[in-house]
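Down below is the structure, laid out as structure tokens.
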Amino acid sequence: MLSSLLKRCLPAVLLAGCAATNPPPPPDFTAYVVVGEYGAAVARVLIDAPTCPAIVLNQRSQPMTLRAPAETIPLRSTPFAPADSKPAAFPLLTCEASLPAGVTSASVLGRALPLPKAEPRRIVVIGDTGCRLQKSSNGWQACNDREQYPFATVAAQAAAWKPDLVIHVGDYHYRENACPEGNAGCAGSPWGYGWDAWDEDFFAPGARLLEAAPWVMARGNHENCLRGGQGYWRFLDPRPLLKGRDCNAAADDDAGNYSDPYAIPIGQDTQLLVLDTANTTWKGLKPGDTGYARYRDLYRKVDALSQRAPNNIGISHHPLLGMGADRKADGGIVLLPGDAGLQASFGSVNPLLFPPTIQAMLSGHIHLWQQLSFSSAHPSQFVSGFAGTSEDIVPLPERLPADKPPAPGAVVEHFSSWVDGFGFMTMERRGPQQWEVLVHDRHGQIRNRCQLDGRHSQCAVAQVK
């Protein structure tokens with residue numbers, strides 16, 4: 001009888017022993033690395049757990065710091081669809097830890113984190129990655145269709161290119177309103193400004209690329225305080241999260257909608273300059289406007305930062321030197337110049353819009369790919385807003401008319417574009433001021449080749465078909 005009892009109990013005893021020696025797997029979590037001021041890198045972990053996990057740096061464990069608790073932010077009505085607004089729920093902890101220079105390995109809960117390189121040579125540039133669900137524009141992208149919303153494919157192909165660094169030029173979050181009943185293309189999608197929409201719009205489809213390299217996270221207009229600003233400050237900005245600059249209360253929006261620029265060295269002679277232009281407006285700004293004064297101050301601070309290195313590459317979501325197009329009611333096409341709000345405020349300090357040591361600007365906002373170079377004293381402009389959001393489809397001309405410059409005084413010498421095609425842009429360093437810029441489609445195939453040399457750039461193909 002004792003023998004049969006042992007036979008029945010032995011499996012249970014063995015299983016209990018295994019459970020004691022092999023703890024359960026860690027909870028699902030999101031981990032990534034953000035690069036900020038002076039190249040300082042921060043590891044972030046988003047996790048549903050009672051406390052932040054430990055991070056292991058060079059085989060030594062240390063605690064992570066709580067950046068933001070799990071919480072639901074009280075309702076903030078938006079102007080885009082006030083009746084559909086709801087509180088923003090963030091049920092996960094946002095945890096972080098600095099990655100000091102010299103760290104050779106970092107991991108959280110057994111998952112290795114990508115580490116920054118002092119001189120990144122291979123850079124992916126993407127932007128405008130979310131899936132548009134917007135009642136005010138009647139814009140309902142088919143988020144459930146990877147052909148019509150291909151950010152996951154784009155991110156995987158960009159990761160396969162093996163970048164040293166990823167630059168996102170802004171607009172991560174687009175799922176603002178509930179999918180209309182009966183629309184199979186977006187049925188079941190989360191919406192609003194909480195974690196569920198952020199996860200589906202950015203973290204889940206971008207997972208492969210988040211694992212591949214550290215990121216520079218610029219801010220777009222979809223992350224201003226009236227929209228996804230709460231998530232941006234909580235998840236993406238590299239700086240400390242400050243009460244009053246978190247977009248949680250409308251009374252604090254004059255602080256939450258603006259922030260200072262910062263510089264990221266990418267070698268001894270070159271740095272990235274990251275500009276927060278989230279709250280500008282295409283309608284323009286004038287003296288007396290809050291934004292006018294704040295962006296004049298932004299320009300002065302960018303100018304000061306630019307003097308720290310002979311070569312600078314600027315990053316701003318809104319292109320001051322880019323071109324868009326719209327179709328008029330009669331079917332004709334009207335060309336749209338660069339952002340009027342920034343042109344007015346920056347231009348009031350410097351008519352050339354940028355300090356002389358900036359060789360190129362990287363932007364998004366227009367949902368296409370574009371390159372412009374100038375015979376006037378302006379930096380080259382690249383627009384890489386074609387990674388996932390529903391594309392701009394109004395065609396641009398192969399050559400821009402001389403009487404339609406993207407900014408006052410800007411004289412275009414070379415222009416290239418790709419309208420209505422998804423993909424990503426890469427930059428590979430070839431010299432102190434030289435970069436090879438490639439345009440890849442969603443499957444990673446190269447569709448255009450460009451060279452950036454100083455402030456001037458030129459591409460092999462004027463219009464990608």
Side-chain angles (χ1 to χ4, degrees), residues 125-129 132 137 139 141 148 150 154 169-171 220-221 280 282-283 316-343 353 360-376 378-426 437-442 445-452 455-465:
V125 184
I126 60 171
D128 299 87
T129 50
R132 182 183 290 278
S137 65
Q141 194 171 352
Q148 296 189 56
V154 170
V169 295
D171 279 7
N221 57 294
T280 185
W282 61 270
K283 297 177 181 179
S316 68
H317 177 67
H318 297 81
L320 280 77
L321 297 169
M323 292 295 294
D326 202 359
R327 197 174 292 280
K328 298 185 291 187
D330 62 4
I333 294 174
V334 57
L335 294 178
L336 306 174
D339 184 80
L342 295 173
Q343 287 182 359
L353 302 177
M361 291 298 301
L362 310 179
S363 304
H365 194 59
I366 312 172
H367 299 169
L368 46 74
W369 176 85
Q370 185 178 132
Q371 167 270 341
L372 299 99
S373 183
F374 303 91
S375 58
S376 51
H378 294 84
S380 281
Q381 172 77 69
F382 292 91
V383 176
S384 185
F386 66 130
T389 303
S390 50
E391 294 285 277
D392 290 342
I393 59 173
V394 179
L396 290 167
E398 186 168 333
R399 293 187 178 183
L400 295 175
D403 63 344
K404 298 290 184 182
V411 181
V412 177
E413 63 176 354
H414 298 296
F415 174 60
S416 181
S417 65
W418 185 17
V419 177
D420 196 18
F422 291 105
F424 60 99
M425 189 176 95
T426 60
V437 178
L438 302 180
V439 182
H440 308 250
D441 66 21
R442 70 177 78 189
Q445 298 300 308
I446 296 172
R447 304 297 297 273
N448 205 351
R449 295 177 179 271
C450 311
Q451 304 297 324
L452 172 64
R455 285 186 153 207
H456 298 277
S457 58
Q458 189 169 3
C459 300
V461 177
Q463 282 190 320
V464 179
K465 302 297 186 181

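By the 4.5 Å heavy-atom criterion applied to side chains, Asn448 and Trp369 are counted as neighbours. Here the side chains of Arg132 and Ser137 are in contact, with some heavy-atom distance below 4.5 Å. Using a 4.5 Å heavy-atom threshold, the side chains of Val169 and Val125 count as touching. In this structure the side chain of Pro319 reaches within 4.5 angstrom of the side chain of His365, judged on heavy atoms. A heavy-atom distance below 4.5 Å is found between the side chains of Pro379 and Leu321. The shortest distance between side-chain heavy atoms of Pro397 and Leu335 falls below 4.5 Å. Residues Val439 and Gln371 form no side-chain contact, since every pair of their non-hydrogen atoms from C-beta on lies 4.5 Å or further apart. For the pair Ser373/Gln458, no side-chain contact is recorded, criterion being any heavy-atom separation below 4.5 Å from C-beta on.
Of the possible polar contacts, none joining the Asp441 side chain to the Gly423 backbone as a donor-acceptor pair under 3.5 Å is found. Side-chain atoms of Gln343 come within 3.5 Å of backbone N or O of Pro406 as a donor-acceptor pair. In terms of modelled atom types and a separation under 3.5 Å, the side chain of Ser376 and the main chain of Val411 share a donor-acceptor contact. No donor-acceptor pair closer than 3.5 Å links the side chain of Gln148 to the backbone N or O of Gln141. Side chain of Asp171 to backbone of Asn221: a donor-acceptor contact under 3.5 angstrom is found. A donor-acceptor contact shorter than 3.5 Å links the side chain of Arg447 to the backbone of Lys465. No donor-acceptor pair closer than 3.5 Å links the side chain of Ser457 to the backbone N or O of Ser380.
No option in Gln370, His317, Gln381 other than Gln381 meets the side chain to side chain donor-acceptor pair (under 3.5 Å) test with Ser363.
Between the CZ atom of Arg455 and the OG atom of Ser375 there is a distance of 12.5 Å, given to the nearest 0.5 Å. A distance of 4.5 Å separates CD1 of Ile333 from CZ of Arg327, quoted to the nearest 0.5 Å. The distance from the NE2 atom of His378 to the CE atom of Met361 is 12.0 Å, given to the nearest 0.5 Å. Taken to the nearest 0.5 Å, the CG atom of Leu336 stands 9.5 Å off from the CG atom of Asp392. Residue Thr426 holds its OG1 atom at 7.0 Å from CD1 of Ile446, rounded to the nearest 0.5 Å. The NE2 atom of His318 sits 10.0 Å away from the CD1 atom of Ile366 when rounded to the nearest 0.5 Å.
Shown here for Ala325 and Pro395, the closest heavy-atom pair between the two residues is CB-O, 4.0 Å. Of all heavy-atom pairs spanning Ala387 and Phe422, the tightest one is C-CD2, 4.3 Å. Of all the heavy atoms in Met425 and Ser384, the pair that sits closest is CB-OG, 3.7 Å. Heavy-atom minimum distance, Asp339 versus Leu342: OD2-N, 2.9 Å. Closest heavy-atom contact between Ser417 and Leu396: CB-CD1, 4.0 Å. When all heavy atoms of Asp128 and Gly385 are compared, the pair lying nearest together is OD1-CA, 3.4 Å.
Between Phe386 and Trp418, the ring-plane angle classifies as perpendicular under the 30° and 60° cut-offs.
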